[in-house]
Amino acid sequence: MHLLGNLNPRQQEAVTHVSGPVLVLAGAGSGKTRVLAHRIAYLLGAVGVSPYEILAVTFTNKAAGEMADRVRALVGDIAAGIWMGTFHSICARILRIEGRRLGISPDFTIYDDRDQVLLMKQILSDLGLAKSRLTPAAALSRISWAKSGLVSPEDLAGMVGNPYDRKIADIYSDYENALRANNALDFDDLICMPVRLFKHDQDALTKFAMRFTHILIDEYQDTNRAQYEFVRLLSSIHRSVCAVGDDDQSIYRWRGADVTNLLNFERDFPEAAVVRLEQCYRSTKTILAASQAIIQRNVERKEKDLWTENPVGRKVMLSAVRDERGEGEFVADMVNKLMEEEGKCLSDFVVLYRTNAQSRPMEDAFRGKGVPYVIVGGIKFYERKEIKDMIAYLRVLVNTRDSVSLSRIINVPHRGIGDVTLGRLREFCTDQGISLSDGLTRISEIAGLNAASGRKLEAFGSLLAKLRRESAGKSLENVIKLVAEESGYLAYLRTLDKVESIARTENIEEMVAGGYEFQERSDEPTLEKFLEEVSLVMDIDLWDDRRDAVSLMTLHNAKGLEFPVVFIAGAEEGLVPHHTSFEDRAEMEEERRLFYVGMTRAKERLFISTAAGRRGFRGWMPQVVSRFVEDIPEEFMEILASSEDRHVPDETHSDWGEEKVIRIGTPVRHAEWGTGRVVGCEGYGKQLRLTVKFGGGRVKRLLAQYANLEFLEEDPL
DNA sequence: TACATTGCGATCCGT
DNA sequence: TCGCAATGTA
């Protein structure tokens, strides 16, 4: 039958075991996406399950869309109506329907981190903590940790022996009240609130737990406590959960993900079948072996035995470059070379890095060499100032209680309403227990307000009333146009200098187009749904993999993707592993998994580059090769010598002995091996180790102190 | 009281 | 490099 065609026996088992819980331990490239798609198709086509009964959770919205396409290709339109999406989008959907049971109005706003910080600043200043060492972001980070672990303010306050948390608990409590007053939810709320609903409202739980006879969850290793609880509750009746994941690819611990959800699946569902997918269809034998050598150094992991029938392929290439510019040039040159010599096309390549800041020099090199590229991530479209402003207007139209958005736009464009006037309005509203929006209708009652400021507030109030009146019944596209025009925002942009003005006006036009596109595509093209989508889109969702360009993204964004040729840039101590992880063994293991995820994205070719130094915000910093590279056995790796014109600037030196200048590319002579070149440099001081490539292709790793190397001033080659 | 300017500080990963 | 807070100016 075609629903099982081309699946190996393990995969078939994962697809056809539909009578109870299944844990699918899926190694990198083992075809888990196919398994999930086939399982859904099998449920619909062979078992006769209604699409209405299926809930499928994916890690990105993009993955959900692709899953839907694959299922449709297998069984056709009977797949329509499946609930498929990320935890956040599925939970938002549940809350729009059932939120009222928790006192959440369906027109709630979703606050992103910028909104959260603005709200938190207000709270800290109300508590007299504005000048304290506690930053809004730090408080929010602790609160987010609590929420994603389902820890309430009371729980947090009760945690013994932590005075810091006692203080945070008060802030947490105020923060929650403020969110409710604003009719707003943060990202963590989207998950916790349905959990709270299901725990306290048996009717609501029964309704959904009865409905979803089959639940599938991808990337289960990266679920957090709240998401785990959500799944546990929803599956409490039918117990038919199919969890797919790989503990070696858990890379979101820092965001509250808890890999024990995966490791303890069999404890939670003792009747579970466990299927291991260990045949890798993606990578060459060499890439697989090299990546296994690295991940096997982790202590906290399940042992697995991945294998492949793919060819041996080429060795992993390590390129030692001078600095970030040299790295960019190396990658761009190699892209050109492989396109010319091996017939690769632009979309075959991806460049992966640890931090978004690394994209800049990479872009410069690509632009300089005329290689088309797309960047995934960085500054999001919806985070641009003018777009956030427009969204704030739209939010205020939908949710009149949203004071964070209202504060954002009350003086944008300039209306002569400053901090003092806004402060008086805010104070009045807090006293009266009303929203800022309601306060605008009672301006005459506000104490200490001069007549001019009062009139300005009045004018802003009537603007909002007018926008509300005129937007009623209009299409999404026209509402956005209306707001841009009537608010004076477009006129304001025209007063800016030319370049700025044009770029930002274009962004607003792009947003109008986005609104039009949304209303064409969505089955429910409301302003609420549009704002929800805008809040929940991920950078990777917007990435077009068919576009004729090299992709640039972070290692995190690469999860779940694959490419014929992968470049991992910045394989250096401090980047991967990131310096913030040095002190913590668990975090270090996560860095290793991250590097592993990057390596296993590659199908045919894997390039790793490492720079001798980088120009940071404090000038030139010497860099050291990542310990992960060190763990790749030499038989799987080939070191590319750097070209002759690459030199480390003179200020770079080891602190070993006298100040010797060690450059990538520095010529050396050894009594036994003859002349060669430094192609890599690791460690500091007495630990300084050099990788030297000698004539005849011999590569030696040497402890510099004892190597008896002669560093040559003149290049003999 | 609002708005422009300068200077400083922080800068991982992201729903 | 960029965004924001303190400071200066209208």
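Excluded from the calculations below are hydrogen atoms, water molecules and symmetry mates; all remaining heavy atoms, backbone and side chain alike, are included. A, B, ... follow the sequence lines: proteins, then strands. Residue 1 opens every chain.
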Want to settle it: does Ser144(A) or Arg415(A) sit nearer the 5' end of DNA chain B, counting the closest nucleotide to each? Arg415(A)
With the side chain of Arg255(A) defined as its heavy atoms from C-beta on, choose the nearest nucleotide among dC12(B), dT15(B), dT1(C). dT15(B)
Ser144(A)-Ser141(A) side chain donor-acceptor pair, cut-off 3.5 Å: no
Below 4.0 Å: OP1/OP2 of dC3(B) and any side-chain N or O of Asn411(A): yes
Has the side chain of Thr554(A) got a donor or acceptor that lies under 3.5 Å from a partner of the other kind on the base of dC13(B)? no
Of all the choices, dC13(B), dT15(B), dC2(C), which nucleotide is nearest to the side chain of His556(A) once you look at every atom? dC13(B)
Let me know the distance between NZ of Lys559(A) and P of dT15(B), rounded to the nearest Å. 11 Å
Can you tell me if the side-chain N/O atoms of Lys121(A) get under 4.0 Å from OP1 or OP2 in dA5(C)? yes
What integer distance in Å separates Leu124(A):CG from dA5(C):P? 12 Å
Determine, for Asp107(A) against Arg96(A), whether the closest basic-nitrogen to carboxylate-oxygen distance falls under 4.0 angstrom. no
side-chain N/O Ser581(A) vs dC12(B) OP1/OP2, d < 4.0 Å: no
Which is true for Ser89(A) with a 4.0 Å heavy-atom rule: it touches a base, it touches only sugar-phosphate, or it touches nothing? nothing
Whole-Å distance between dT15(B) P and Phe187(A) CZ? 8 Å
Give the rounded distance in Å between these two atoms: NZ of Lys456(A) and P of dC3(B). 7 Å
Where the side chain of Thr580(A) is defined as all heavy atoms beyond and including C-beta, which of dT1(B), dT15(B), dC12(B) is the nearest nucleotide? dC12(B)
Side chains of Tyr489(A) and Asp389(A): donor-acceptor distance under 3.5 Å anywhere? yes
Mark this stacking check for His578(A) against dC12(B) as yes or no, applying ring centres under 5.5 Å and ring planes under 30°. yes
Side-chain N or O of Asn557(A) versus OP1/OP2 of dC13(B): is the shortest distance under 4.0 Å? no
Electrostatic pair Glu573(A):Arg627(A) at N-O distance under 4.0 angstrom: yes
At under 4.0 Å between heavy atoms, what does Asp419(A) touch on the DNA or RNA strands: base, sugar-phosphate, or nothing? sugar-phosphate
Salt-bridged, Arg367(A) to Glu363(A), with N to O below 4.0 Å? yes
Could you give the CD1-to-C1' distance, from Ile191(A) to dT15(B), as a whole number of Å? 8 Å
What contact category does Arg424(A) fall into here, base, sugar-phosphate, or nothing, at under 4.0 angstrom with non-hydrogen atoms? sugar-phosphate
Residue-phosphate contact under 4.0 Å: His414(A) side-chain N/O, dA4(B) OP1/OP2: yes
Take the protein atom NE2 of His579(A) and the nucleotide atom P of dC13(B), then report the distance between them rounded to whole Å. 10 Å
Compare the ring of Phe87(A) with the six-membered ring in the base of dT15(B) and state whether they stack (centres under 5.5 Å, planes under 30°). no
For a quick test of reading the model: is some side-chain N or O of Ser535(A) closer than 4.0 Å to OP1 or OP2 of dT15(B)? no
Under 4.0 Å from OP1 or OP2 of dT11(B): is there any side-chain N or O of Arg614(A) that close? no
So what does Asn356(A) hit on the nucleic acid, given a heavy-atom distance under 4.0 Å: a base, only sugar-phosphate, or nothing? sugar-phosphate
Closer than 4.0 angstrom, basic N to acidic O: yes or no for Asp364(A) and Arg325(A)? no
Taken to the nearest whole Å, CD1/Ile417(A) to P/dT1(B) is 14 Å
What's the CG-C1' distance between Leu536(A) and dG14(B), to the nearest Å? 13 Å
Picking from dA2(B), dT15(B), dC12(B), the nucleotide nearest the side-chain atoms of Arg354(A) would be dC12(B)
For Gly416(A) and for Thr86(A), locate the closest nucleotide of DNA chain B by heavy-atom distance; then report the residue assigned to the nucleotide nearer the 5' terminus. Gly416(A)
So that I can tick it off, tell me whether Glu327(A) and Arg614(A) are bridged by a salt bridge, with the cut-off set at under 4.0 angstrom between side-chain N and carboxylate O. yes
Picking from dA2(B), dG14(B), dT15(B), the nucleotide nearest the side-chain atoms of His88(A) would be dT15(B)
